[in-house]
Enquirer: 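Submitted below is the structure of interest, expressed as structure tokens.
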There are 2 protein chains.
Amino acid sequence: MSDRPVQGLRERKKAKTRALIQKEALRLFREQGYAETTVEQIAEAAEVAPSTVFRYFASKEELVFIDQFPPFAEALNAAPAELNPVQAVRVAMREVTAGQTAEEIAEGVERERLMLTVPELWAASLENVSGTLRTMQEILARRAGRAVSDPEIRNITGAITGVVFAVWLDWVKDPVMDGPAEVDKALAHLEAGLGL
Amino acid sequence: MSDRPVQGLRERKKAKTRALIQKEALRLFREQGYAETTVEQIAEAAEVAPSTVFRYFASKEELVFIDQFPPFAEALNAAPAELNPVQAVRVAMREVTAGQTAEEIAEGVERERLMLTVPELWAASLENVSGTLRTMQEILARRAGRAVSDPEIRNITGAITGVVFAVWLDWVKDPVMDGPAEVDKALAHLEAGLGL
DNA sequence: TATCAAATAGGAGTCTACTCTCAAAATATG
DNA sequence: CATATTTTGAGAGTAGACTCCTATTTGATA
């Protein structure tokens with residue numbers, strides 16, 4: 001009869017510890033650099049043992065990750081069928097960023113900045129990047145009624161990714177910039193044939 | 001009046017040792033994987049001391065590199081002024097691959113394959129990639145009489161890079177494919193507005 | 001409260017890239 | 001041939017990510 005807590009104290013504490021470790025890690029990475037931060041320092045800052053850090057995260061690199069792609073994939077899947085690939089991507093992106101608070105976006109930018117800045121992390125994101133590319137290719141192919149291996153689909157996916165990536169590189173260098181808006185503008189430019 | 005050798009014996013021996021170390025390293029990487037190959041093994045295979053490996057190469061990652069970009073940059077710079085960016089890139093690429101033997105190309109593919117496959121190397125190529133992007137952006141901007149920071153130039157550069165990259169990913173998975181030809185076709189597709 | 005299960009601290013230990021030192025060997029030079 | 005300079009081998013040493021074990025604590029359960 002006693003109230004069953006939504007989640008045991010143990011679970012809540014675990015989640016809290018995990019979040020704390022990650023938060024402190026990101027802070028230290030930002031303040032003194034990734035390579036310059038040892039796992040021991042992170043453990044100390046989070047007031048846990050180094051071994052505990054590894055119980056929560058398989059590796060130092062993993063401290064930076066959060067899968068942000070799934071929502072985008074869903075939105076892209078759900079975009080109106082009559083839109084061309086670039087239009088669909090634009091719509092999906094707008095939808096995702098619209099569903100995020102300013103804080104969430106800022107946090108995302110910080111994470112991306114780390115990823116694009118720190119070689120080690122760039123490495124860890126290899127699977128992310130190529131996986132993202134493949135997933136996007138699959139979705140776009142299905143939408144267009146083409147095979148996944150269709151070179152044209154591959155080219156379009158590559159171009160979209162390349163353009164978005166180029167904007168990110170600028171964005172990361174100049175955080176004042178309105179990232180989502182700039183990405184949208186760039187995709188519009190691509191859609192218009194890049195004004196060759 | 002003894003003949004002055006084109007290059008002292010010392011120099012030649014150095015170059016030879018360096019080449020041998022790199023060759024053995026690449027072989028081992030290919031045969032048993034990058035992470036699975038220790039510097040000690042490389043040293044053993046090349047019949048030198050581990051410390052000697054580090055005297056020639058600053059890090060394990062550096063064993064994979066060769067700057068292949070400069071010739072492309074030159075060719076891009078020299079391309080006829082009336083060509084649009086994509087056309088200029090196509091011409092430059094054709095020129096570069098035309099000046100390479102089949103062996104050189106194959107070796108390049110092998111290197112790229114490693115780069116795109118092994119996370120650690122992908123990391124090391126971060127500077128290469130973003131540096132390449134920036135250089136290309138500079139050249140294209142100058143050719144178009146625009147500022148380097150011009151968003152349109154950035155977008156075009158991003159799209160070209162993205163398309164080429166996407167082809168590479170395919171190429172790496174299927175080495176039978178005629179890479180240069182496929183890249184050229186993809187760029188033609190981009191030039192035509194991606195057939196949206 | 002008593003018992004059980006899970007999580008943690010603490011620390012010893014491994015692995016490997018990378019550094020440093022020094023003496024020996026190879027090469028250049030007169 | 002004699003001397004100076006470079007390059008090398010050998011090995012000890014460092015650092016930091018990551019693993020594994022054990023005693024202790026902490027939360028769940030009845």
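Each chain gets a letter, A, B and so on, in the order the sequences are listed, and its residues count up from 1.
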Enquirer: On DNA chain C, compare the nucleotides closest to B:Lys60 and B:Lys13; which residue's is nearer the 5' end?
Expert: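 The answer here is B:Lys60.
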Enquirer: Tell me whether A:Ile42 is reachable from A:Tyr56 by hopping between hydrophobic residues (I, L, V, M, F, W, Y) whose side-chain heavy atoms are closer than 4.5 Å.
Expert: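 Yes, same cluster.
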Enquirer: Nearest-Å distance, CD (A:Glu47) to C1' (C:dG10)?
Expert: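 The answer, rounded to whole Å, is 16 Å.
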Enquirer: Given C:dT8, is OP1 or OP2 found less than 4.0 Å from the side-chain N or O atoms of A:Arg55?
Expert: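 Looking at the OP1 and OP2 atoms of C:dT8, one of them is under 4.0 Å from a side-chain N or O of A:Arg55.
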Enquirer: Once you round it to whole Å, what is the distance between C1' of C:dA17 and CD of B:Glu36?
Expert: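 Spelled out: CD on B:Glu36 to C1' on C:dA17 is 15 Å.
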Enquirer: Rounded to the nearest angstrom, tell me the gap between atom CD in B:Glu62 and atom C1' in C:dC18.
Expert: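 In whole Å, C:dC18 C1' lies 13 Å from B:Glu62 CD.
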Enquirer: Assess whether salt bridge (Lys or Arg N to Asp or Glu O under 4.0 Å) is satisfied between B:Arg27 and B:Glu24, documenting all intermediate values.
Expert: CA-CA 5 Å; B:Arg27 182 178 61 77; B:Glu24 291 299 317; 2.6 Å; yes
Enquirer: Within this structure, what is the CZ-to-C1' distance between B:Phe57 and C:dA17, rounded to whole angstrom?
Expert: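 Checked: the CZ to C1' distance equals 16 Å.
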Enquirer: Over how many whole Å does the gap from A:Leu63 atom CG to D:dA17 atom P extend?
Expert: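 It works out to 10 Å between those atoms.
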Enquirer: Would you say A:Ile153 ends up clustered with B:Met177 if hydrophobic residues are merged whenever their side chains have heavy atoms under 4.5 Å apart, either directly or through other cluster members?
Expert: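 Shared cluster, yes.
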Enquirer: What is the separation between atom CD on A:Glu44 and atom P on C:dG10, rounded to the nearest whole Å?
Expert: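 Nearest whole value for this atom pair: 11 Å.
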Enquirer: Are A:Thr38 and D:dG16 close enough that a side-chain N or O sits under 4.0 Å from OP1 or OP2?
Expert: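 A:Thr38 to D:dG16 OP1/OP2: no side-chain N or O under 4.0 Å.
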Enquirer: Between A:Glu61 (CD) and D:dG16 (P), how many Å, whole number?
Expert: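 Going from A:Glu61 (CD) to D:dG16 (P), I get 16 Å.
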Enquirer: Taking OH from A:Tyr34 and P from D:dG16, how many angstroms apart are they, rounded to a whole number?
Expert: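 Between P of D:dG16 and OH of A:Tyr34: 13 Å.
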Enquirer: Given D:dT8, D:dG9, C:dA9, which nucleotide is nearest the side-chain atoms of B:Thr17?
Expert: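 Closest nucleotide among those given: D:dT8.
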Enquirer: A:Val91, A:Val167: one ILVMFWY side-chain cluster at the under-4.5 Å cut-off?
Expert: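 They do not share one cluster, since no chain of ILVMFWY contacts under 4.5 Å joins A:Val91 to A:Val167.
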Enquirer: So, is B:Lys14 near the phosphate of D:dT7, with a side-chain N or O under 4.0 Å from OP1 or OP2?
Expert: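 It does, given that an N or O in the side chain of B:Lys14 lies less than 4.0 Å from OP1 or OP2 of D:dT7.
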Enquirer: Can you tell me which residue among B:Arg143, B:Arg142, B:Glu138 is in a side chain to side chain donor-acceptor pair (under 3.5 Å) with B:Asn77?
Expert: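 When B:Arg143, B:Arg142, B:Glu138 are each tested with B:Asn77, the side chain to side chain donor-acceptor pair (under 3.5 Å) holds only for B:Arg142.
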Enquirer: Could you pick out which residue, A:Glu40 or A:Ser51, lies toward the 5' side of DNA chain D when each is mapped onto its nearest nucleotide?
Expert: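 Comparing both residues, the 5'-ward one is A:Glu40.
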Enquirer: Side chain of B:Tyr56 only, please: which of C:dT8, C:dC20, D:dT7 is the nearest?
Expert: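 The nucleotide sitting nearest to the side chain is D:dT7.
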Enquirer: Name the closest nucleotide to the A:Phe54 side chain, picking from D:dA17, C:dC18, C:dA9.
Expert: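 Given the options D:dA17, C:dC18, C:dA9, the side chain of A:Phe54 is closest to D:dA17.
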